[in-house]
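Here is the structure we will look at.
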Protein chains: 2
Amino acid sequence: MGRLSAEDWARAALEALAEGGLAAVAVEPVAVRLGTTKGSFYWHFANRRSLIEAALALWEAGTEEIIAGLLEVPDPVLRMRTLLEFAFGDPVDAKVAFQLISAADDPLAAETARRVSARRLEFMGATLEEAGQPPGLARGRAVVGYGVYLGMAALHRVGAVDESIGDFMDLALSEMGLAD
Amino acid sequence: MGRLSAEDWARAALEALAEGGLAAVAVEPVAVRLGTTKGSFYWHFANRRSLIEAALALWEAGTEEIIAGLLEVPDPVLRMRTLLEFAFGDPVDAKVAFQLISAADDPLAAETARRVSARRLEFMGATLEEAGQPPGLARGRAVVGYGVYLGMAALHRVGAVDESIGDFMDLALSEMGLAD
DNA sequence: CCACCTCCATACGGTTGCGTATGGTTTTAC
DNA sequence: GTAAAACCATACGCAACCGTATGGAGGTGG
C-alpha cells in the first residue's frame, strides 16, 4: 500500500460510513481496513472528529460534481433521466444518505444530510420547471421523486422488494410526469 | 418507577433504538434511561442480544396490531386513509424502520425490517386491489406509496422538507390513485 | 555521511460497555 | 412472622476504542 495521504483515509472512512454508519468511522478499524495503524492516522488528522468531517465533505463534493456534470446536458428531460441513471447506478450514495439520516443525533451528520438533500431537491425542482412544469408541482414532484429514491433504496437494501433498478427508474420518471 | 418488567425494558430499548440506532440499545445506557442499573437487566434478560430481540419483536407486533385493527374497516379507501393517519401520526415507526434498514449488517435487524416491510406492502397492495385497482398497478403503487413514506420521513427528519404531515398524506393518497 | 523531515509502529492510560458474582432489599407464601 | 422467591445495587474482570508519547525507518539536502 505504500504511504498514505489524508484523502486515502477519507475515502476509507466514507466506505466504512456507508457500510456501518457513523460508529464504524473509528480510527483503529479504518486503520485495519487500510492495512496500517493509528500511528499513521494521527499524523494526518488531529482526531476522529476531523476524519468524520473529511468523509462527509467527500460525500458532499460528490453531489456537487454530479450536478456540475449534469448542467452540461441541455435537454431537461434527458438531464433528469441521466440523473436517475447516476443515482440508481451508484449503490453507495443512498447508503450514505441513509446512514447520515439515521445518525441525525449527530449535528454535523444531520446538517450535511439536510444541505445535500436540499441541494438535490432544488436541482430536481429546477429541472422539472425547465421541462415546463409549474413551480409548485415541480417542487412537489421533486420531493416525491427523491423520497421514492430514498425509500426504494431502503426497501431494496433489506430485500423487501425484488423489482429491478430499471423498473424503479421508469416508475420515478412517470411519477414526475416525464414518462416516455 | 418501582419494579420493572421485561416489557418495560423492551419498550425503553425500542425508544433507544428509534433515537440512536442499534448501537444505542446498550444495557447500561438503557438502564440509566429507566433509572435503574444492570442488576435489574440481567435478572430479566440473558444478555444484550435478547434485549434487541425483544425490542424488534415489540416493533413487529405493533404492525400486526395496526393491521388487525384496520381489517375492521370495511371500505378500502377509508381503510387506506386510516392507515396513513396511523402511519404519519406515529413519529417513532419510521425512525425505527430507518434505523433497522441502516443496521442491515445485523442479520436479525435486516430480516425483521424485510418481514415487516413485506407485510405492509402486501396489506397495502391488497387494499388497493380491493379498491378496484388491477393487481400489478396495486403492487406498484403500494411500493411507491410506502417508499414515499420512508423517504419523506427521512427528509423530514433532517429538515430537508418543511411540508406538513397533512400534505404528505394527501400527496400519498393521490399517488395511489385515491385522491378525493 | 549526516542532520533533518516525513511518515508510521508500538506501548501506555483512560473511558465505555458487556457479562458475572455476590449480597442486599422487598414481596409473596404459608 | 418467617422462609423462600423475586428483584435490584455494587464491584469486578474483560474487550474495544480514543488520544498521547516515543522511537524508528526511509528518503532528502547540504
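- If you measure from atom CH2 of A:Trp43 to atom C1' of C:dT10, you get 17 Å, rounded to the nearest angstrom.
- The phosphate of D:dT10 has neither OP1 nor OP2 within less than 4.0 Å of any side-chain N or O from B:Thr37.
- Phosphate proximity of C:dT6 to A:His44: absent, as no side-chain N or O sits under 4.0 Å from OP1 or OP2.
- Shown here are the side-chain contact (heavy atoms from CB on, under 4.5 Å) partners of B:Glu19, two or more places apart in sequence or in another chain: B:Arg33.
- At a threshold of 4.5 Å between non-hydrogen side-chain atoms, the residues A:His156 and A:Glu163 do not count as touching.
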Can you build the contact string for nucleotides 11-28 of chain C? Use B for base contact, S for sugar-phosphate-only contact, and - for no protein heavy atom under 4.0 Å.
------BBBB-----B--
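- Checked by atom type, the side-chain pair A:Thr63/A:Arg120 shows a donor-acceptor distance below 3.5 Å.
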Before giving the answer on salt bridge (Lys or Arg N to Asp or Glu O under 4.0 Å), spell out for B:Glu111 and B:Arg115 the whole-Å C-alpha distance, their side-chain angles and the decisive distance to 0.1 Å.
CA-CA 6 Å; B:Glu111 175 56 23; B:Arg115 203 169 45 236; 3.6 Å; yes
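- Two residues are said to be in side-chain contact when any heavy atoms from C-beta on lie closer than 4.5 Å; A:Met124 and A:Met176 meet this criterion.
- Not counting sequence neighbours, the partners of A:Phe45 by the ring pair (Phe, Tyr, Trp, His ring centres under 6.0 Å) test are A:Phe41.
- Atoms CZ (A:Phe45) and P (C:dC8) sit 12 Å apart, rounded to a whole Å.
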